[in-house]
Structures are given as C-alpha cells and as structure tokens.
Amino acid sequence: MANVRLDNIKKEYDGGVLAVKGVSVEIQDKEFVVLVGPSGCGKSTTLRMIAGLEDISGGKLTIDNTLMNDVPPKDRDIAMVFQNYALYPHMNVYENMAFGLKLRKFPKDEIDKRVREAAQILSIEEYLDRKPKALSGGQRQRVAVGRAIVRKPKVFLFDEPLSNLDAKMRVQMRTEISKLHQRLGATMIYVTHDQTEAMTMGDRIVVMKDGNVMQIDTPLNLYNKPLTKFVAGFTRFVAGLIGSRAMNFLSGGIVSSGGMKFTEKGTKLTVDIPKPMQKMLAAYVGKDIWLGIRPEHISVSTSKKSKITGTVEVVEPMGNEIFVYFHCGGSQIVARMTPTEIAVGTKRNFEFDMSTVLFFDMTTENVIK
C-alpha cells in the first residue's frame, strides 16, 4: 500500500470556475480517510484528480512518494469504486471481476485465484455465474468492490458507493467496507455527503465547503472541537441506525450588566456565561455572536427559575431516546434526551449544559477560544 499527498491541489474549469481551491492533505499508508461535504463542495472532483480522471490545474499529487500529476490513470496503481457500480451487463460476476486482470494479461490461474479469494472475502461466491441484472443493489456493490480488490492496488478510491442503496443496506455495507479495510490493511479514500458514513467509517475526516478544506481531524475531535460554525453544524452524533440532529445555533450577543450573559437577538432568551468562559468572551461584549449547543446537551429543567421556556412542537420517539422540538425565543430548538412524558403543545422549562456550549464569531464563523 502507499501514502497519498495532496499539496495545494486546484481544479479550474473553462470560464475560470474554480471547483477546488487548494486542497492540502497527507494520507498515511493504510489510513482510511473520508472526504465529506455538501453537494458542489469539490470532494468528488478531488477524488477524480487523485484517480487521474480529471486534470490537475495546480499543485502536486504524489502517491507512494512519486509525482502523479501527469501519470495516466492506468499507471497510478489505484482502483476506484463508483456510485453506479459500472458493471458490464453482458458479463457475469466472475467475468466482471476478472476483466481488469485479463486486460493486464495476468495468467488464467492467477486471475482465478484472485477472483475466488475476493468473492470469498465479500461472500459472493454463489453469485459468480450470475449477470448483474440478477443481483440486488447491495450484491452489485459487492461485485464492484470485488473488482477493485482483485487488482491489489496501492490505493482504493470510493466515490459515494452507497448512495444508491436503501437505508438498511447502507448500514450493512458501511460495516462491510470498514471490515474490509481492517482485513486488507489498505489505504482508502472515501467520498460521501452523508455525515453518518463519515463519522462511523473514517480514521480521519476532511470536511470540505466551496472547494476549500474547512478542517481535517478524527471524528471525535471534529465533533468535540470544531473550528468553525460550518463544521460544528455538519458533524453530528450518530444514534444507532437513525442518525442524529444538527447543532442548534442561536444568534445573539454578550452583555455584562449583572454578570456576563448571552442574550438571543430580539428575544428575552438569556443564559448565564460560566466563569471559565468569561475571559474568552470579554472581547465580544456588545458584539453579535453565535451560540451553538448540541441536542444531547439540553435537558428538561426542574427549576421554576429556568430562563429557557419553550413550547413543545414535535416529539420524535426513537426507542431508547426521544428528540423534542420546542420553540423558544426566536428559534426552534431540538433536544435529545431519555424518554419522558412530554406532550406536544405544552410549555416546559429547559436548561443548557453550558460547559459544552460553543461560541462562534458572527463575521468569520470561527470558533471563539
């Protein structure tokens, strides 16, 4: 396997459209790195430049410490798994998996050995004689992965491979690909717009927006220590098979009369700022900022003096937990908590765990620290 290094990689299309604006990231040998972000952020374009399917407009790409900018795709020793499987409909599973090796004129016995080994790893031995049309979506994706495995490449590239599958199959295939990474000890680069896939699969995650890298870190650090409001809102807690809800953001300002407080803009919603945070926020007194708090850090308050009173609008039961949507001040807020009796339409007191709250600069949207 190999390391992959992107040094200020750029992609400019005709008309001066800059799709990727200078991506730099070093992917270690045997690492599983996920590129994640909304549609149009440049993640798939970046992956296609690594594969050689898009020309690089600027910067350097190295694989296994070898410059690859002008190397043809077939000579980069990479294998790519596409969103639409890209299987040949007139070939059976065996022939699809063997096709790339035949083009490279591998001996027949070596081809047979590799195909059957990959089929065993992916539990598709019984489908080797079937055509793609006789397979389910999950089975077709296994074949596409198998076709990559038989190549034994230095780097595996995955371009949103699970987006065409139903929810249950996506969960299963996420697990299968993670197990495959552990078994092969391979360098893998995986593109997705799905936060759950990114947070559950990657050793590290590259969060992208508008052609730029916003943050590169482990899933846990991205969640607990986001550098920007965008990253904080994009990374979510994964609750079982359901997923989760984004961070709540309140627009307001810091006031210092009667103790330092955050007051939501245009409403009476006010929370006290803990002393450890007051020095950090001293420069923002009188200025507009964002307060961010995750759903799991909001709870029902037992104090009648709570300054956060909201009208419950929706309650979503999720088995061992519930999501409660309530209107408070000028915002709709969602809380994630253990099941409790909360009726829609009632007013309840809530409290924020202020030790977990993040504040963001209103202009730069960078975290205040």
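Only a predicted model underlies this, so the values are computations on that prediction, with no experimental measurement involved.
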Peer 1: Can you pull the salt bridge (Lys or Arg N to Asp or Glu O under 4.0 Å) pairs that have at least one residue in residues 112-122, sequence neighbours excluded?
Peer 2: Glu110-Arg114, Asp112-Arg116

Peer 1: To the nearest 0.5 Å, tell me how far Ile333 CD1 sits from Leu250 CG.
Peer 2: 5.0 Å

Peer 1: Treat each ILVMFWY residue as a node, draw an edge where side-chain heavy atoms are under 4.5 Å apart, and state whether Val23 and Leu18 are in one component.
Peer 2: no

Peer 1: Does Ser136 offer a backbone N or O that forms a donor-acceptor pair with the side chain of Gln139 under 3.5 Å?
Peer 2: yes

Peer 1: Which atom names give the shortest non-hydrogen contact between Asn96 and Met91, and what distance separates them?
Peer 2: ND2-O, 3.1 Å

Peer 1: Can you pull the salt bridge (Lys or Arg N to Asp or Glu O under 4.0 Å) pairs that have at least one residue in residues 251-265, sequence neighbours excluded?
Peer 2: Lys261-Asp272, Lys265-Asp288

Peer 1: List the steps and the verdict of side-chain hydrogen bond (donor to acceptor under 3.5 Å, both in side chains) for Thr228 and Asn366.
Peer 2: CA-CA 4 Å; Thr228 67; Asn366 292 333; 5.7 Å; no

Peer 1: Tyr85 vs Asn164, test: side-chain hydrogen bond (donor to acceptor under 3.5 Å, both in side chains). Steps then yes/no.
Peer 2: CA-CA 9 Å; Tyr85 319 133; Asn164 288 337; 4.6 Å; no

Peer 1: Start with the C-alpha distance between Arg174 and Glu197, add both sets of side-chain angles, then the distance that settles salt bridge (charged side-chain N to carboxylate O under 4.0 Å, His left out), and finish with yes or no.
Peer 2: CA-CA 7 Å; Arg174 283 205 308 263; Glu197 282 185 25; 5.3 Å; no

Peer 1: Judged by modelled atom types alone, do Asn349 and Thr309 share a side-chain donor-acceptor pair under 3.5 Å?
Peer 2: yes

Peer 1: Check whether any side-chain heavy atom of Met318 lies under 4.5 Å from a side-chain heavy atom of Ile322, and answer yes or no.
Peer 2: no

Peer 1: Quick check on side-chain contact (heavy atoms from CB on, under 4.5 Å): which of Asn3, Val206, Asp203, Ile189 does Ile27 satisfy it with?
Peer 2: Ile189

Peer 1: Do we get Lys11 above Tyr13's six-membered ring, with its NZ or CZ under 6.0 Å from the centre and within 45° of the axis?
Peer 2: yes

Peer 1: Give the minimum heavy-atom separation between Ile78 and Leu157, together with the two atoms involved.
Peer 2: CD1-CD1, 4.1 Å

Peer 1: So, for Gln215 and Asp217, which heavy atoms are closest and what is the spacing to 0.1 Å?
Peer 2: NE2-OD2, 4.0 Å

Peer 1: Considering all heavy atoms of both residues, which atom of Pro73 and which atom of Gly52 are nearest to each other, and what is their separation?
Peer 2: CG-O, 3.3 Å

Peer 1: Within the 4.5 Å heavy-atom criterion, are Lys10 and Ile56 side-chain neighbours or not?
Peer 2: no

Peer 1: For the pair Phe326 and Phe350, name the ring-plane relationship: parallel under 30°, tilted 30 to 60°, perpendicular over 60°.
Peer 2: parallel

Peer 1: Test Phe156 against Met80 for side-chain contact (heavy atoms from CB on, under 4.5 Å), laying out the working first.
Peer 2: CA-CA 6 Å; Phe156 287 86; Met80 191 161 180; over 6 Å; no

Peer 1: Specify the closest pair of heavy atoms between Val191 and Ser44, including all atoms of both residues, with the distance to one decimal.
Peer 2: CG1-OG, 3.6 Å

Peer 1: In terms of hydrophobic clustering (I, L, V, M, F, W, Y; side-chain heavy atoms under 4.5 Å; direct or indirect links), are Leu53 and Leu67 co-clustered?
Peer 2: no

Peer 1: Using a 4.5 Å cut-off on heavy atoms from C-beta on, say whether the side chain of Met362 contacts that of Ser251.
Peer 2: yes

Peer 1: When you measure from the side chain of Lys30 to the backbone N and O of Thr187, does any donor-acceptor pair fall under 3.5 Å?
Peer 2: no

Peer 1: Treating Ile, Leu, Val, Met, Phe, Trp and Tyr as nodes and any side-chain heavy-atom pair under 4.5 angstrom as an edge, say whether Val255 and Trp290 lie in one connected cluster.
Peer 2: no

Peer 1: Is it the case that the side chains of Asp353 and Ser355 hold a donor-acceptor pair, with the cut-off being a distance below 3.5 Å and no angle test?
Peer 2: yes

Peer 1: Using distance alone, with no hydrogens and no angle criterion, decide if Ser57 and Glu12 have a side-chain donor and acceptor under 3.5 Å apart.
Peer 2: no

Peer 1: Contact between Leu128 and Val115 at the side-chain level, heavy atoms closer than 4.5 Å - yes or no?
Peer 2: yes

Peer 1: May I ask you to decide if Asn92's main-chain N or O and Glu95's side chain share a donor-acceptor pair within less than 3.5 Å?
Peer 2: yes

Peer 1: Could you report the tightest heavy-atom contact between Met247 and Pro295, atom names first, then the distance?
Peer 2: CA-CD, 4.4 Å

Peer 1: Do you reckon Leu165 sits in the same ILVMFWY cluster as Ile124, going by side-chain contacts under 4.5 Å, direct or chained?
Peer 2: yes

Peer 1: Please check: side-chain N/O of Arg204 versus main-chain N/O of Val33, any donor-acceptor pairing under 3.5 Å?
Peer 2: no

Peer 1: In this structure, which one of Ile368, Asp361, Thr363 forms a side-chain contact (heavy atoms from CB on, under 4.5 Å) with Ile289?
Peer 2: Ile368

Peer 1: Ignoring hydrogens and geometry, is there a side-chain-to-backbone donor-acceptor pair from Ser123 to Ala119 under 3.5 Å?
Peer 2: no

Peer 1: So does Ala2 get a backbone contact from the side chain of Asp29, meaning a donor-acceptor N/O pair under 3.5 Å?
Peer 2: yes

Peer 1: In this structure, are over 12 heavy atoms from other groups packed under 6.0 Å from Asp75 atom CG?
Peer 2: yes

Peer 1: Can you check side-chain contact (heavy atoms from CB on, under 4.5 Å) on Leu184 and Ile149, steps first, answer last?
Peer 2: CA-CA 9 Å; Leu184 298 179; Ile149 290 175; 4.1 Å; yes

Peer 1: Anything under 30° is parallel, anything over 60° is perpendicular, the rest tilted; go ahead and classify Phe32 against Tyr190.
Peer 2: tilted

Peer 1: Under the side-chain contact (heavy atoms from CB on, under 4.5 Å) test against Leu61, which residue among Thr66, Ile50, Asp7, Thr46 passes?
Peer 2: Ile50

Peer 1: With side-chain hydrogen bond (donor to acceptor under 3.5 Å, both in side chains) as the criterion, how do Glu160 and Thr192 come out once you've worked through the C-alpha distance, each side chain's angles and the decisive distance to 0.1 Å?
Peer 2: CA-CA 5 Å; Glu160 304 217 33; Thr192 182; 4.9 Å; no

Peer 1: In chain order, what residues pass the ring-ring contact (aromatic ring centres under 6.0 Å, His included) check against Phe99, with sequence neighbours excluded?
Peer 2: Tyr88

